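Notes for the one structure printed next.
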Amino acid sequence: ERGTDGDLKIIFWQAVSTMNPYLSGGTKEVYAASMVIEPLARYDETGGLVPMLAAEIPTVENGGVAEDLKSITWKLKPDLKWSDGTPVTANDAVFTWKYCTAPDGGCAQGAYFEGVTNVEAVDDQTIKVSFADAKPYPYSAFVGAQSPLIQEAQFKDCLGIKAPECTSANFGPIGTGPFVVNEFKPNDVVTFTANQNYRDASKPAFASVTLKGGGDAASAARSVLETGEFDYAWNMQVEPEILAQMMAAGKGQLVTAFGTQVERIDLNAFAVDPSLGDKRSTAEAGPHPALSDPAVRRALSIAIDREIIDEAGYGEAGQPTCNILPAPDIYVSTNVDWCLTQDIEGANKLLDDAGWVMGSDGVRAKDGVRLSFLYQTSTNSVRQGTQALVKDMWSQIGVEVELRNIAASVFFGGDPASPDTFQKFYADVQMYTNNFDGTDPEKYMAAWMCDKIPSPANGWQGENIVRYCNPEYDALVAELGRTSDLNERAAIAIKLNDMLSNDGAQIPLIHRGQLSAHSVTLEGVKMNAWDSELWNVADWSRKK
Amino acid sequence: MEKQEFVASETESVLSVRNLTTSFRIGSQWRSVVRDMNFDIAPRETVAIVGESGSGKSVTSLSVMRLLPENSSRIEGSVKLAGRELLDLDREAMRQVRGNDISMIFQEPMTSLNPIFPIGKQIAEAILCHRNVSAAEAKDEVLRLLDKVRIPNAKNRFDEYPHQFSGGMRQRVMIAMALASRPKLLIADEPTTALDVTIQGQILDLIKQLQDEEGMAVLFITHDMGVVAEISDRTIVMFRGEAVETGTTDDIFNRGRHPYTRALLSAVPKLGSMGGRERPMRFPVIDIASGETVVPETEAGGVEESARPVLEVKNLTTRFDIRSGLFGRKSGAVHAVENVSFDLRPGETLALVGESGCGKSTTGRSITRLVEPSGGEISVDGYQVGQLGAAELRRMRRTIQMVFQDPFASLDPRMSVGEAVMEPFIEHKLGSKNEARDKAADLLERVGLGADMMPRYPHEFSGGQRQRIAIARSLMLDPKIIVADEAVSALDVSIKAQVCNLLLDLQQSFNLAYLFISHDMAVVERVSHRVAVMYLGEIVEIGPRQAVFDNPQHPYTKKLMAAVPVPDPARRNLKRNLNTEEIKSPIRPVGFVPPQRQYRQVGEGHLVQA
Amino acid sequence: MFTFTIRRLLYAIPTLLVISFIIFALLDLAPSDPLADLPLTIPPEVREQIRAAMGLDQPFFIRYLLWLQQFFINEPLNIFEQITGLTVGDGDRMRVLSWATRSPVVDLIVQRLPQTLWVVGLSYLFGVLLAIPIGVISAYRQYSWFDQIGTFVAMVGYSVPTFFTGVLLIVVFSSWLQWFPSIYDTNLVVNDWNSLVQQIKQMFLPVLVLTLYNVSQISRFVRASMLDNLHMDYVRTARAKGVKEKIVLLVHVLRNSLIPVVTVIALGVPTIFSGAIITEQVFRVNGLGQLLITAIQSGDLPLVQTLTFIFAVLIVLFNLIADILYGILDPRIRYD
Amino acid sequence: MTEATMTVDTRARSGNFWAMLWRQFRAHPGGVAGLIVFTLILLLVFVGPFIHTIDPNQLDIRNKNQGPSWEHPFGTDNLGRDMLAGVMAGGQISLAVGMTAMLLSLVLGTFVGVLAGYFKRIDGPLMRLTDLFLALPLLPLLLVIIMLFRDTLRSTFGPETGIFILIVVVIGITSWMHTARIVRGDVLAIKSQEFILAAKSSGMWEYRIILKHILPNVMSSIMVSATLGIASAIITESALSFLGLGFPSDFPTWGRLLFDGVNFLQITPSRVLWPGLAISLTVLSVNYIGDAIRDALDPRALKH
Ligand SMILES: Nc1ncnc2c1ncn2[C@@H]1O[C@H](COP(=O)(O)OP(=O)(O)OP(=O)(O)O)[C@@H](O)[C@H]1O
Ligand SMILES: Nc1ncnc2c1ncn2[C@@H]1O[C@H](COP(=O)(O)OP(=O)(O)OP(=O)(O)O)[C@@H](O)[C@H]1O
Ligand SMILES: [Mg+2]
Ligand SMILES: [Mg+2]
């Protein structure tokens, strides 16, 4: 029964700054918005597509996707209404496309409309999206929490440069979701009430939602698990034993879901000696004196005990992995599991054989090059713990490590003037997490192509942070772009993954899950790593 | 035996002190500075305590008030106020007594006034504390009191702060404060040292008047034997922490038995004792043990007439703006020094005398640019003071040293006096630290202090001792000029003689020039070559000492000479009635143009304002 | 004094302009980036477009001038319009917009002000009110048990960071005893007794933490300064007048001791408006401090610039007030 | 007043300034206690590692989150590092940073404050500079400083000393303003007193007047600033490290240990207890030392 379960209290320790995912792109904003505005289709907890506003998922089989893979046609569910009572039409989708692609708008989800040449309303209920090239995987625009439909009537004056000025629209978009924004306090708290025009008359069970922001992960966890002040807390990046101790209060439980996030260590292909100045970490600097040796790369990987790292920092929310591409299941490789078990002896032998001789100070060296690395990562207590563990493990194979941590806003900031960004990679090794949206890895795997190496020429903007360059790999990626059969695609993706791991481009550490906590009184939570965690908030209810 | 006489009157006495012993803690030891004091004061009676500087007079009075720092001092014996034991009272009861039954005028008015409250408020507080009157009534009362203590323009000065007052004016504020509550007993610790003789007379009259009207008893501490003779009924002579002699004033003056008493009296400089001599004269030096004059008085050095002046002051003018209202607009100015010109030759002493608040200290400070003069030219030993840069100013100041009117305030409370005295010497790199120490020790000995006092801090000294420290400090640099602002006012006669002789000796040996600011006409007569009389910021008469003293021309000079008290108890009931004329204020409105003054020559170098 | 004030106020204008420029330059130079928060999945081209939409592709000077215009002309005009209801010009002006929220910065600040004033302001007020008597008594009874305990509490209170005391209090009072909420509800409207109690409850812990800190700091200065003046001769004079001991302390000694205290307080008042970053974070008060820190972390330059500048204005203003107070407190201090 | 006591007295109170200060100091029980505690902390921190020889960075993941035991008197953290070793190693850095940063900020602050208070001409500019520094947002400033200077310092002084210098300087130059304003206020009040005039009239250099007369008289505020400064410096350092601007994570400091331990408050209370206690004791002992120095410099203060 709609609105019978009172107030649902959710805590996001990073507060929500806007309700318009097109203007922010941050995960927290996307999640918050997903309660209000919806896409045509989204992913369920298994990664499968489910129709939301669309009546069904278009496929080649049902004719929704053109044979040439150059267009996709969606049909809306009948009688859909915006929360203000007006009908949802195909024009709203067309407008949404225009909104996000308007010049100077700075749409954060532009990537979802990449390659889209046109969106047209065939009729009120039918939307046709056309692509420039054949798209083997056409479910991008209007799919997933990142590209929901917005109402043309509300946003029509907010195109392009005017987008940021529509504050009230951005803070309270009219949507089709189970809830309506009641009050929005940026970076603080959002209150929602049940959408009276929601298409399922019996939902949502909660009459209102309070989404509070701020604080840190541990205290957010405490408010759900220990004090029970809140019903749901997102993203519990806290040491497992703390969570375990809080759980003892019996007020809440943890839920996890594994998506595509992999915590990895990047090994720099290029030399980074500070004396190289601005040439550091570019092709001009030449190959890295130590890390260019495959033996070193491999030894570094097998010296790591991923189990311990997982236990110390991730617990339920992590699994050791040797794959850069950890999910969905069909893409998961089992060929590179050699790295899963720690093998200090093996690593030592590898290095010995490669001519890296242990020095009196416990550090190996060869031809005057010492195995001494600068290891940087963003500031975060779990990462610092991992750093300490890795440093310890590597010291056992004669590798010396200097740790450095950098504020996340700088590390991920991409300011070309800063020496501390992960793109510049002015360090021998660095660690962070990356993933991809949705379930299709094509774009993700393309990141390791030669032409994506960040360099001063492209403003350090490339995605190939490790500076991996292998023509074979590039060729394989191109092949992936031409293949449409899912199983063939999977096979290629696995090959790509194995190449990366075997070449030691990167050291995958942990397949990270999303970890959230909810109150024991809350029912219906289905953790979803492929879409917004709040994707099925309409189904949540209070345990009676 | 005298003690017996005193004890007899205990029953009707206002205050009776028995076996009072006060000690201070130095490190871990207790050192008694007042021992076994016994005295009584009856209503309407005035008891004077005289004695050597540092003999414990102030400590005695503070002990009576129980105002010594509680944890570093110890008071033993008995102090009874109208039969009530004060030493046993609890804090609150003692508070009731203070200000109400006993009030006190402190020796050093500068530090004793709260620097951040207007003086009017501070006086009013004394009234409001004990009497149930409204603020407005209190203010009226304060204005009346200020008038009575001869503060000119009291209404305007009600809201001014202590630092805007001259030394004598501050002292009068203290007096007004003490009298405000009409106490049963007034303890006056050297209340008139900074007052010129006319005002001193008026203040003494005021006290007498209150005694007559209200039956107030007075404990009067002073070095001025003239004042003692004039007002006190009985006198206690203190020496090194003990009362060596007590008796009626007449007895003490005429039949003093203790050698110190005799020494004290025989050394008192008397006005007109110069007998037509032109040059300054040393004081007779008295052996305290025997009371005999040891060294015969001798004439001191003269001045080389042809010598170039070391100090030339031309048309010096210093004004302090008075601002008022929201906008802080200038509403007038204190014309503290107006058009003052004089010069000073090496080896010469120019005495600057005049009414309290007439601008003497300001003149002294302007000369060294411690206050910025508003006009005029000053040249010190060839330096044009007005145009000096920082470094030259510093060098210039080496040649001209000051003894400040308020020695306590001029000593850094956190610096031991030894260091304070040594400091100028070391700062100017005149020698090593040891040389400085030796010189400082020597100078301290010569002003009558022990070299062993060097590690002590200013607050551990008596008023007169601090004054001597200041003198010693000014001598450290072997300057050419010394501006001595009331430098010997807090010294007892014997030490005054010693210090003055020292100054005269130094003058003779090093051709020192003194600008000697003083209210003590007898001392002025003795030490100076020339005298300048100031009145309301201007010099009204200047000339050779002999000429001015023997042949005063300006009405103010005449009045001044007439008011000098004579140390003869026989004359004590003389009433002066000087209180009648209006008090003039140096405050002028904006745009006031001071009249052009003409001087008339009376004798050689003797000028009088026309 | 009046002319001095006017002169200083006039002098403040170029000072603030210079400060605003330096802050702007500093923020521009700083390596934090407005896009750092975005998921790594957003490709570089899109990032470039977002940057351009924020105006980041403009030259530094243009951006600074734009901010000046927005802050000094557009925002005041906007406020003027809101108050009077009149429209000046076409009424369509670019306001200072935050990058992260895409909303007017001034509105954000106005929204945050109440909770900041309540929590941080109140604890500062309590801090001052408690610190003065504590300092006075500690000095008057130096080395008594009161003083010793005071010293101990003050030093522990000052040296143990609020991120620890805050969490400790939460664990004790929210988790174990469940007396107070651990999370501040900014939406709470006080309109009846119940909500008032609730408001007091949620304010209690953060205010306690901050008050302890403020008291510790200020009371030390009060104590030290009182000790300097307690032995002065004018105190003796006041006692000789028979002034009550309380008045001797509170009027004569305290007023003479106030200069460092006034300085510290005047330095502290502007920090109320910069919020209490850590405490706000711990208790989720989400006031100005949290606004500032999230803005800094997310590289939201217009917001940081505006907040910092307002803070600078307050600093300049309160330091001026302190200077004026010096003159009032101590007549010997003169500026003209 | 016998001669004997006088001579003893004289000898006891003469001697050079420092000897005298020390003698006064010794008579102050609080100060002595503070000094003893402080010395003990120093001993623990600098000599302790020779007795308790576990490496603070040695991981022992199987023995994590342990309570106190003979082997680990302060227990272990969540990676099995020994807390006692951590507290000792952290103390070395925290004390060094706290002391040097405090001294730096104190010197800077006092310097600016005294100059501004004493010389009217530079008062305005200096105070506006102070306003500017007060207004500068700390975090971006730190980011810029670190961006500009870290690599140079690292290459000249090595990673540890380089970052140490950086942190000390950063804390120093961002925390002197309070001291400056407080000192200036005091100087303004003191410079109008007559003994300053007297010192001037004796022809002292202005800087000597400042050193010998002004400074001792503003000492008590400076002392308070110093005590509070140590605490702030230690805590600011931890704030820097958790923002990623401080020491690398394998250099424990008290503030950082405390910060990292906060979440483990309920699991291993000793993780917060010891670093918290260490900071508090340090500050408390420095406070008492400061009090004693203050009292020793004030001839009127009551002496025990
Ligand atoms: N606080 C103190 N601590 C130690 N000794 C002190 C203290 N106050 C005064 N003395 C000493 O006590 C003695 C008596 O001092 P007191 O002030 O009573 O002298 P006095 O008779 O008033 O002298 P003067 O005429 O110079 O004012 C002096 O030797 C002085 O050095
Ligand atoms: N700083 C100041 N501000 C304002 N007025 C002042 C200041 N200093 C002195 N005066 C005024 O200047 C006049 C002269 O003061 P000065 O101190 O020179 O007098 P004096 O001749 O030394 O008097 P006394 O014999 O009483 O010491 C007085 O009216 C005094 O109030
Ligand atoms: Mg005396
Ligand atoms: Mg004078």
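These figures come from a predicted structure and were not determined experimentally. Every chain is numbered from 1 and lettered A, B, ... according to where its sequence line falls, protein lines coming before strand lines.
- Side-chain N/O atoms of D/His213 and B/Glu423 include a donor and acceptor closer than 3.5 Å.
- Rounding to the nearest 0.5 Å gives a distance of 8.5 Å between CD of B/Gln405 and CD of D/Glu194.
- B/His428 places a side-chain N or O within 3.5 Å of a backbone atom of D/Ser202 that can act as its donor or acceptor partner.
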> What's the verdict on side-chain contact (heavy atoms from CB on, under 4.5 Å) for B/Asp412 and D/Phe195, showing C-alpha distance, side-chain angles and the deciding distance?
Replying inline: CA-CA 5 Å; B/Asp412 185 342; D/Phe195 63 85; 3.8 Å; yes
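- Inspection of non-hydrogen atoms places no residue of residues 172-182 of chain D under 4.5 Å from chain B.
- Comparing B/Ser474, B/Ser23, B/Gly418, B/Pro413 by how many heavy-atom pairs each has under 4.5 Å with chain D, the most go to B/Pro413.
- In terms of heavy-atom pairs under 4.5 angstrom with chain D, the leader among B/Arg365, B/Glu70, B/Arg369, B/Met402 is B/Arg365.
- In this structure, the separation between OG on D/Ser201 and CG on B/Leu393 is 10.5 Å, given to the nearest 0.5 Å.
- The environment of D/Phe111 atom CZ is sparse: at most 12 non-hydrogen atoms of other residues, nucleotides or ligands sit within 6.0 angstrom.
- Rounding to the nearest 0.5 Å gives a distance of 6.0 Å between NZ of D/Lys212 and CD of B/Glu419.
- For the atom pair CG of D/Asn217 and CZ of B/Arg414, the computed distance is 5.0 Å after rounding to the nearest 0.5 Å.
- Here the CD-CH2 distance, from B/Glu427 to D/Trp205, works out to 10.5 Å after rounding to the nearest 0.5 Å.
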